[in-house]
Every structure is written in C-alpha cells, then in structure tokens.
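In what follows, a structure is listed as structure tokens, so that the remarks can point back to it.
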Amino acid sequence: MLKTVPVKIDEIYVPTDRRKEIKQSEIDTIVSEMMEGVMRKPVRVREGKGRFVLIEGVNRLEACKTVGDETIPAYIVQARKF
C-alpha cells in the first residue's frame, strides 16, 4: 500500500502533457470541496532531478495553489520502465 507524504508544492514540476489536462471548472469544484472539508485522494509524483515530477492530479495541485497551500498530500511512485 502506498504511503501518503506531504510534498512542497514548489518542488513539483508539471510536465507539458499534464498541463494540457488543466480544467478551471474542475479546479473550482475541488476548491469548493476543500473549503467544505472534503478530502481528495493524494496526487502521484515521482522523484526527478532534485524535484518531484507530477504523474497524476494536476487539477488537485492547481486547487491547492489557488487556496495558498504550501504542501500537498502525495504518493511517491516509481517511474515506469518501457
């Protein structure tokens, strides 16, 4: 089972492919839910060169930035080998 760890938002790199998935309506919904205390599943990141690389959860990450959070709950996963 994956362990949730807090990761500093400013240490997460968002690849171009993930940026294409940003939807403001989804971010707004997540922000509203966060204000009501609804817990969201953690984002997924992998370790990169001195930073974390976002694998999944760009809208959750953007919502946390919107409300001014400095950290986000994350699962740290291994990079896929092709």
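All residue numbers refer to positions in the sequence shown, counting from 1.
Taken from CD in Gln24 to OG1 in Thr29, the straight-line distance is 10.0 Å, to the nearest 0.5 Å. Considering NZ of Lys49 and OH of Tyr13, their distance stands at 11.5 Å, rounded to 0.5 Å. Expressed to the nearest 0.5 Å, how far CG of Leu54 lies from CZ of Arg19 amounts to 10.0 Å. Here the CD atom belonging to Glu33 is positioned 12.0 Å from the CE atom belonging to Met39, to the nearest 0.5 angstrom.
A heavy-atom distance below 4.5 Å is found between the side chains of Val45 and Val43. Residues Ile9 and Asp69 form a side-chain contact, since some pair of their non-hydrogen atoms from C-beta on lies under 4.5 Å apart. When side chains are defined from C-beta on, Ile27 counts as touching Ile22, because their heavy atoms get closer than 4.5 Å. Looking only at side-chain heavy atoms (C-beta outward), Ile72 and Ile12 come within less than 4.5 Å of each other. A heavy-atom distance below 4.5 Å is found between the side chains of Ile76 and Phe52.
Across every non-hydrogen atom of Ile30 and Ala63, the tightest pair is CG2-CB, 3.4 Å. Here the shortest heavy-atom pairing between Val53 and Gly48 reads CG2-CA, 4.3 Å. Shortest non-hydrogen contact noted between Tyr75 and Lys3 is CD2-O, 3.7 Å. Nearest approach of Glu21 to Val58, heavy atoms of both residues: CB-CG1, 3.9 Å.
Linking Ile, Leu, Val, Met, Phe, Trp and Tyr whenever their side-chain heavy atoms come within less than 4.5 Å leaves Leu61 and Val38 in two separate clusters.
For the pair Lys8 and Glu70, the salt-bridge criterion is not met [side-chain N within less than 4.0 Å of a carboxylate O].
Proximity of a side-chain donor or acceptor of Arg44 to a complementary backbone N or O of Val77 within less than 3.5 Å is not detected. Under a 3.5 Å cut-off, the side chain of Arg60 and the backbone N or O of Pro42 do form a donor-acceptor pair.
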(request) For Glu56 and Lys41, run salt bridge (charged side-chain N to carboxylate O under 4.0 Å, His left out): C-alpha distance rounded to whole Å, both residues' side-chain angles, the deciding distance at 0.1 Å, then the answer. (result) CA-CA 11 Å; Glu56 177 186 303; Lys41 69 179 184 176; 3.4 Å; yes
